[in-house]
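Beneath this line is the structure, given in structure tokens, with notes to follow.
Only a predicted model underlies this, so the values are computations on that prediction, with no experimental measurement involved. Residue numbers begin at 1 in each chain, while the letters A, B, ... track the order of the sequences.
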Number of protein chains: 2
Amino acid sequence: MAAKANPVPSVWTRQQSAPDQPALSRTAIVREAVVMLDADGIEALSMRKLGARLNAGATSLYRHVATKDELMELAVDEVAAEITVPPADAARGGAGWRAAATEAAASFRATALRHPWLSSVLGQAGLAYLGPNLMSYSERLAALFTAAGFPEPSRAIDTLLSYVIGMSTTEAAWLTTVARSGDTEGEFIARLMPAAQQAAAGHDHLAEAYADAAVRAPVDPVALRDAKFAYGLDVVLDGLEMRLPR
Amino acid sequence: MAAKANPVPSVWTRQQSAPDQPALSRTAIVREAVVMLDADGIEALSMRKLGARLNAGATSLYRHVATKDELMELAVDEVAAEITVPPADAARGGAGWRAAATEAAASFRATALRHPWLSSVLGQAGLAYLGPNLMSYSERLAALFTAAGFPEPSRAIDTLLSYVIGMSTTEAAWLTTVARSGDTEGEFIARLMPAAQQAAAGHDHLAEAYADAAVRAPVDPVALRDAKFAYGLDVVLDGLEMRLPR
DNA sequence: AGAGGTTGCGAACACTGTGCGCGTCTGCGT
DNA sequence: ACGCAGACGCGCACAGTGTTCGCAACCTCT
């Protein structure tokens, strides 16, 4: 409103505050950091590059963010908002909790694969983040498993999350390696196979497993990974179901 | 090297052999790198510091190791040798496989907690390492689960390993955070609790969980973590047992 | 209009991983 | 016993990193 006041005689000399960018704000910084992380991986993110991307100097970012580690915390909490958890009501029936848990797990995995750097950060800093989105995520999980009837919901959650984190981390790291190679997943497997089989020489079970993978994996690696995740998830859910009082 | 120790280059001051260090070898470098990683964490390891620790210049290391990433691969394989797996015979009976799997899982966890940087590296690079020790580890796992009678041993292994990796990673990251704070685990929890409870305000289930933790955790955090790991492991093993043909 | 606080930025510091070229040392073939 | 090729260690240098500091420009309120 006060911006309408024109201290300069000519309209043309008056730049409308910031014509290109909506200034430099904490949320804008975090959002752009996530974009860069998604695009080029975790080691490609530097404060200078991030600043440049925002038409700003590197050190300007420190007005809104204390340190790079804090920026990473914020980025983690930012993408944590994407993880969905079905409402607790879905679990109250008795059979519904399994579908709900499956859906929650799938959402976590999808998010972790969409932002492969997430696993790296979690591996280094853990889950002690306390960001609002992560908190509300934990809360919804707790509500779901409490409604399902688990006497110790946090135990069940820890178990499920450990499996999902472990699988997603491994998968994300794999996909990062593949992406960095420039090949498609099938090509990369084909190119890696000789080395793997040679390294497995003398290890009978491994050699057999690799021989299996050599013929099955190039067909549809994505479906294979999906199936692997679903298998382990069912195992965990079966085990949890046994703990559910009937 | 002899010239460096002598302030005056002269025939008379020259020492003809270097009795202090057993030269600079790949294995010595890797071994010392592991020591440094264990002591000060992953971000404290630099080529210069490592070189200094070995009475050598930083760039000398590159005669034995192509790059720092390769050094990390070697370090991972080095500590992978510490993970034990019971012999496959232990599983052949029928009931023995469970105890064997539990033992293998415990050994993995113990190694991951002894070398907390391991999880960080795995989170960034995955398991596509192909080092001899990791290969033989996989082989022994495959032998164990094949002997146990699993029709698809790799599926069972992936499931179990995902859980173990996820839990160990989270735990290692937590312990790293604690260690960096300088407090004991109990003190750290006590110091973190107010912030956690405030962040949990409005989240009923979380608040309750934290209230529980506030009274239970300071007693014996180690035993609590052990129990948590054992609980989830039993869940996974129960689920796997259902897949075992009888 | 002046004061006070907020924001952006350039320069600088202490580091990092790593390529290059040079000197030295070692072991082998004669 | 000699000479030489290759391995080895190292100082220098380069490009880049996160972060601090002091200064200038701006916005808002009195």
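- Counting only distance, with no hydrogens or angles, the side chain of Asn133(A) and the backbone of Ala80(A) share no donor-acceptor pair below 3.5 Å.
- Atom OH in Tyr62(A) sits about 16 Å away from atom P in dG10(C), given to the nearest Å.
- Contact of Thr59(A) with dG10(C) (side chain to base): a donor-acceptor pair of N or O atoms is detected under 3.5 Å.
- Comparing dT18(C), dC10(D), dC9(C) by their closest approach to the side chain of Ser60(A) singles out dC9(C).
- As a whole-Å value, the separation of Leu24(B) CG from dT26(C) P is 15 Å.
- For Thr159(A) and Arg155(A), the side-chain atoms include no donor-acceptor pair closer than 3.5 Å.
- Rounded to whole Å, the distance from CG on Leu54(A) to P on dC9(C) is 10 Å.
- The separation between Leu50(A) atom CG and dC9(C) atom P is 13 Å, rounded to whole Å.
- The NZ atom of Lys68(B) sits 19 Å away from the P atom of dG16(D) (whole-angstrom rounding).
- Separating the CG atom of Leu61(B) from the C1' atom of dA7(D) is a distance of 16 Å, rounded to the nearest angstrom.
- Using a 4.5 Å cut-off on side-chain heavy atoms (C-beta onward), Ile189(A) and Val178(A) make no contact.
- Leu45(A) comes within 4.0 angstrom of the backbone, heavy atoms only, and of no base.
- The only option from Leu122(B), Leu45(B), Thr176(B), Val34(B) that meets the side chain to side chain contact (heavy atoms under 4.5 Å, CB included) definition with Trp117(B) turns out to be Val34(B).
- Distances shorter than 4.0 Å separate some side-chain N or O of His64(B) from OP1 or OP2 on dG9(D).
- The phosphate of dT16(C) (OP1 or OP2) has a side-chain N or O of Lys49(B) nearer than 4.0 angstrom.
- Put simply, CZ on Arg26(A) is 18 Å from C1' on dG8(C), counting in whole angstrom units.
- In the set dC9(C), dC10(D), dT16(C), the nucleotide with an atom closest to the side chain of Ala56(B) is dC10(D).
- Within the 4.5 Å cutoff, side-chain heavy atoms of Glu185(A) are placed close to those of Leu175(A).
- Considering only the side chain of Arg63(A), dG22(D) comes nearest among dT19(D), dG22(D), dT16(C).
- Atom-to-atom, CZ of Arg48(A) to P of dG8(C) comes out at 18 Å; the value is rounded to the nearest Å.
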